[in-house]
Amino acid sequence: MASGRPAPTSEAELVARAAALAGRTLGELAVELGVAVPPDLRRAKGFAGQLLERALGATAGSRAEPDFPALGVELKTIPVDERGRPCESTFVCTIDSVAIGAVEWERSLVRRKLLRVLWVPVEGSRALAVGARRLGAALLWSPSPAEEAALRFDWEELAGLIGRGDVEQVTGHLGRHLQVRPKAAHGRARRRALDPDGMSFAALPRGFYLRASFTAAILASHYVLPR
DNA sequence: TATTGATCATAT
DNA sequence: ATATGATCAATA
């Protein structure tokens, strides 16, 4: 990957850059950055996110850090329908099911990832060619006390189950706003986990996701569709 | 058709 | 192999 823009040095600069992208298409951005546009996202699921990383000067790559380390800001592109509502859930982080039982909410990866997020809406209809999809108005967000309390409630239930060795009992049906779903390269992937008796076994890797209803509420009071 | 479970690409 | 970026696609 070629390098993107230099990193922004303040939140204001980051927000200004993001605001300037509203209404632009992924195709226009790709041309400016010298990136090829895939025909669809089946084999390029991270395309929009990686394009925006470069357009905004995020730290590229797969380092376990916020996208903008100096600012402590996480970048999330979010696909939205024609009404501005999320098309998908939002991946937050993977789960270390062996360690999670010893972690409190305040130090959890979920909370740290969501402390400060730049949401960048992108038209997500599969009927739109990838290159024609427009960016919406970005929103720099931190959870309100009520939002954090709600996330904490779900996290404690889910992390509690996993910590007690019941990771195999946790399905995507649990959690009002936060849920646990598989997060793996393929169905044979395995991570070390503990059963209720403390015995180690190979489990399907899982991650925390925000339900679309939760992110819809975040975007609802701020988001404006591109026009 | 909304949601859950499964999967794909790239970088390190 | 595990982190990043997520969306696909089968199911209920």
Side-chain angles (χ1 to χ4, degrees), chain A residues 1-4 7 26 29-30 33-69 73-83 85-100 109-110 112-114 117-131 133 135 138 154 158 167-193 202-217:
Chain A
M1 273 287 220
S3 58
L26 295 181
L29 238 51
L33 295 169
V35 176
V37 179
D40 57 62
L41 299 184
R42 284 180 298 181
R43 300 199 164 249
K45 295 179 180 178
F47 174 73
Q50 287 154 0
L51 195 66
L52 267 294
E53 282 183 346
R54 296 177 57 177
L56 293 172
T59 302
S62 56
R63 295 190 292 164
E65 282 188 341
D67 295 292
F68 302 96
V73 174
E74 180 75 16
L75 173 65
K76 289 290 182 191
T77 56
I78 182 163
V80 296
D81 64 19
E82 28 296 301
R83 294 168 47 204
R85 295 191 50 105
C87 302
E88 287 287 348
S89 57
T90 298
F91 172 70
V92 179
C93 60
T94 51
I95 298 172
D96 181 342
S97 56
V98 173
I100 199 169
L109 199 46
V110 170
R112 293 186 327 206
K113 286 265 186 183
L114 298 179
V117 178
L118 181 68
W119 298 100
V120 180
V122 184
E123 289 180 321
S125 167
R126 293 184 203 179
L128 283 173
V130 174
R133 297 181 192 183
L135 298 166
D154 287 345
L158 296 166
V167 63
E168 296 298 310
Q169 312 310 316
V170 176
T171 72
H173 297 272
L174 298 178
R176 172 133 183 234
H177 307 296
L178 195 65
Q179 64 179 171
V180 170
R181 307 220 307 275
K183 168 62 173 175
H186 48 72
R188 291 90 68 198
R190 289 295 183 272
R191 291 301 303 272
R192 185 175 163 63
L204 184 66
R206 294 156 193 261
F208 284 110
Y209 294 78
L210 295 175
R211 291 185 180 277
S213 54
F214 184 82
T215 51

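Here is the naming used below: chain letters follow the sequence lines, and residue numbers restart at 1 for every chain. This is a predicted model, so every value here is computed, not measured.
Within the structure, every side-chain polar atom (N or O) of A:Arg211 is placed at least 4.0 Å from both OP1 and OP2 of B:dT3. Proximity of A:Thr77 to the phosphate of C:dA6: a side-chain N or O atom is located under 4.0 Å from OP1 or OP2. Not one side-chain nitrogen or oxygen of A:Lys45 sits closer than 4.0 Å to the OP1 or OP2 atom of B:dT7. Between C:dT7 and A:Lys183, no contact under 4.0 Å exists linking OP1 or OP2 to a side-chain N or O.
Rounded to whole Å, the distance from CD on A:Gln179 to C1' on C:dT7 is 14 Å. A straight line from CZ of A:Arg85 to C1' of B:dA2 spans 11 Å, rounded to a whole angstrom. Between the C1' atom of B:dT7 and the CG atom of A:Leu41 lies a distance of 14 Å, rounded to the nearest Å. Protein atom CG of A:Leu26 is 17 Å distant from nucleotide atom P of C:dG5, rounded to whole Å. Taking atom CZ of residue A:Arg181 and atom C1' of nucleotide B:dC8, one finds them 15 Å apart after rounding to whole Å. Distance A:Gln50 CD to C:dG5 P: 9 Å, rounded to the nearest Å. Between A:Phe47 atom CZ and C:dC8 atom P there is a gap of 13 Å when expressed in whole angstrom units. In this structure, the CG atom of A:Asp40 is 13 Å from the C1' atom of B:dA9, given to the nearest Å.
Heavy atoms only, all atoms of each residue included: A:Val37 and A:Gly131 are closest at CG1-N, 3.7 Å. The nearest pair of heavy atoms linking A:Gly207 to A:Lys183 is N-CB, 3.8 Å. Taking all atoms of both residues into account, the shortest heavy-atom contact from A:Thr215 to A:Pro86 is OG1-CG, 3.3 Å.
With B:dG5, B:dC8, C:dT2 as the candidates, the nucleotide lying closest to the side chain of A:Arg191 is C:dT2. Nearest nucleotide to the side chain of A:Arg126, out of C:dC8, C:dA3, B:dT4: C:dC8. Of the candidates B:dC8, C:dA3, C:dG5, the closest approach to any side-chain atom of A:Thr94 belongs to C:dA3. You'll find that the side chain of A:Thr171 is closest to B:dG5, out of B:dG5, B:dA9, C:dT4. Listed candidates were C:dT2, B:dT4, C:dT4. Nearest to the side chain of A:Glu88 is B:dT4. Here C:dA9 is the nucleotide among B:dT3, C:dA9, C:dT4 with the atom lying nearest to any side-chain atom of A:Arg42.
Mapping A:His173 and A:Ala185 onto DNA chain C by nearest heavy atom places A:Ala185 at the nucleotide closer to the 5' end. A residue-by-residue look at A:Pro205 and A:Ala212 shows that A:Ala212 has its nearest nucleotide of DNA chain B further toward the 5' end. Closest-nucleotide positions on DNA chain C for A:Glu74 and A:Arg190 were compared, and the one nearer the 5' end corresponds to A:Arg190.
Checked by atom type, the side-chain pair A:Arg181/A:Thr171 shows no donor-acceptor distance below 3.5 Å.
At the heavy-atom level, A:Ala184 lies under 4.0 Å from base atoms of the strands shown. Among the atoms of the strands shown, only primed sugar atoms or phosphate atoms (P, OP1, OP2) are found under 4.0 Å from some heavy atom of A:Gly49.
Note on A:Arg83 versus A:Asp81: no salt bridge recorded, every NZ/NE/NH1/NH2 to OD/OE distance being 4.0 Å or above. We find that A:Arg206 and A:Glu168 are joined by a salt bridge, their nearest charged nitrogen and carboxylate oxygen being less than 4.0 Å apart.
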